[in-house]
*Asks:* 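Structure in structure tokens, see below.
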Amino acid sequence: MDLGPHAGFILAAYGAAVIVLGLVVLWVLLDHRAQRRALAALEAQGISRRSGSGADVP
Amino acid sequence: MALLDLANPHRFLAFARALVPALALIAAVLLVLGLVLGFRAPPDYQQGETVRIMFIHVPAAWIALGAYTLMAISALGTLVWRHPLADVSAKAAAPIGAAFSLICLLTGALWGRPTWGTYWVWDARLTSVLVLFLVYLGILALWRAIEDPGQAARAVAILTLVGFVNVPIVKFSVDWWNTLHQPASVFRIGGPTIHPVLLTPLLVTAAGFAALFLALHLGAMRNEILRRRVRALRMLAAAGAEAR
């Protein structure tokens, strides 16, 4: 497909959109993994909301 | 499921777990379709091939404004109704809205150079969108500056509502002032002025961006709920250690 003399501008615009949106998607996915891991690590130590006043906290 | 049921974070997490993959799939299908339709459409009689930038520039602007409007409603939810997920919604929407406004600015500059002969001009539409982006950055900075989520939520809610005055300025700037930017050509009294062959890919891409925004927003809300749960458990652990 011939995008004419301004092909560079068109492709750069689409490229910029893909990069910015890709970074946002990556941020959401990596943040989700980080929070799940942090939560799992705390629960593995016996710390949970059911531990109430902290008596069960190691 | 009633809206009030979603105030329970546990129910919200189950709701988001089901909805995020479905929205992501819908977004992917619509964006691929929009891309195909956009690049198969004939060139514009005046702008030629560069009109294809419109298919991402305009929807990005709509989503940037829509995200800010959602944040303003969430701010009311925080300050007036004290909905437990209102500030979670506002905090999750801010970086995504900032990303869409950045796409709007970048693609606008890349469209402006071959069309107007310049990447940037300080006209009312371009400047007000830049202000929107800067307000987004200010809100993100304020979230990070205050450690307590409750205090941060109230401060951010006030800033968000003050910043909302810019949203109608962005929308009506092309009517209120003489600008290099073209006037509204889709959402206007009298209907769209764009030919259906160009309007269709624009609306399909806009629907794809909207689905993507919703998927990202729900995903980011889910992450924020988990982050607060982690914070609460760490505080519980610290309190337990002090008690012993």
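Residue numbers begin at 1 in each chain, while the letters A, B, ... track the order of the sequences.
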*Asks:* Between B:Leu35 and chain A, with a heavy-atom cut-off of 4.5 Å, which part of the residue counts as in contact: side chain, backbone, both or neither?
*Replies:*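 Side chain of B:Leu35 only, per the 4.5 Å heavy-atom cut-off to chain A.
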*Asks:* Please rank B:Ile53, B:Thr50, B:Thr107, B:Leu31 by heavy-atom pairs under 4.5 Å with chain A and give me the top one.
*Replies:*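 Looking at each option in turn, the highest pair count goes to B:Ile53.
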*Asks:* Does any heavy atom of chain A fall under 4.5 Å from the side chain of B:Leu102, the backbone, both, or neither of them?
*Replies:*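 Side chain only.
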*Asks:* Does any part of the side chain of A:Leu21, heavy atoms only, come nearer than 4.5 Å to the side chain of B:Phe100, both counted from C-beta?
*Replies:*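 Yes; the side chains approach each other to less than 4.5 Å.
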*Asks:* Rounded to the nearest 0.5 Å, what separates atom CD1 in B:Ile56 from atom OH in A:Tyr14?
*Replies:*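 One gets 5.0 Å once the value is rounded to the nearest 0.5 Å.
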*Asks:* Counting heavy-atom pairs under 4.5 Å to chain B, which of A:Leu42, A:Val20, A:Asp31, A:Val24 comes out on top?
*Replies:*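 Max contact count across the listed options: A:Asp31.
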*Asks:* Between CZ of A:Arg36 and CG of B:Asn223, what distance do you get to the nearest 0.5 Å?
*Replies:*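 Answer rounded to 0.5 Å: 10.0 Å.
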*Asks:* Taking side chain as everything from C-beta outward and backbone as N, CA, C, O, which of these in B:Tyr119 sits under 4.5 Å from a heavy atom of chain A? Side chain, backbone, both or neither.
*Replies:*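 It is the side chain, since no backbone atom gets that close.
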*Asks:* Measure distances from B:Arg52 to the heavy atoms of chain A and classify the residue's part below 4.5 Å as side chain, backbone, both or neither.
*Replies:*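 Both parts, backbone and side chain.
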*Asks:* Side chain, backbone, both or neither: which part of B:Phe39 has a heavy atom under 4.5 Å from chain A?
*Replies:*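 Looking at B:Phe39, backbone and side chain both touch chain A.
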*Asks:* Could you measure the distance from the CG atom of A:Leu39 to the CG atom of B:Leu233? Nearest 0.5 Å is fine.
*Replies:*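 It comes to 6.0 Å.
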*Asks:* Under a 4.5 Å heavy-atom cutoff, which of A:Ala17, A:Pro5, A:Ala16 has the most pairs with chain B?
*Replies:*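 Looking at each of A:Ala17, A:Pro5, A:Ala16 in turn, A:Ala17 comes out on top.
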*Asks:* Would you compute the distance between atom CD1 of B:Ile96 and atom CH2 of A:Trp27 and round it to the nearest 0.5 angstrom?
*Replies:*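 The CH2 atom of A:Trp27 is 5.5 Å from CD1 of B:Ile96, to the nearest 0.5 Å.
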*Asks:* I need the A:His6 NE2 to B:Glu49 CD distance, nearest 0.5 Å.
*Replies:*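 Interatomic distance, A:His6 NE2 to B:Glu49 CD, rounded to 0.5 Å: 10.0 Å.
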*Asks:* About how many Å separate CZ of B:Arg228 and CD of A:Gln35, when rounded to the nearest 0.5 Å?
*Replies:*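 Those atoms lie 11.5 Å apart.
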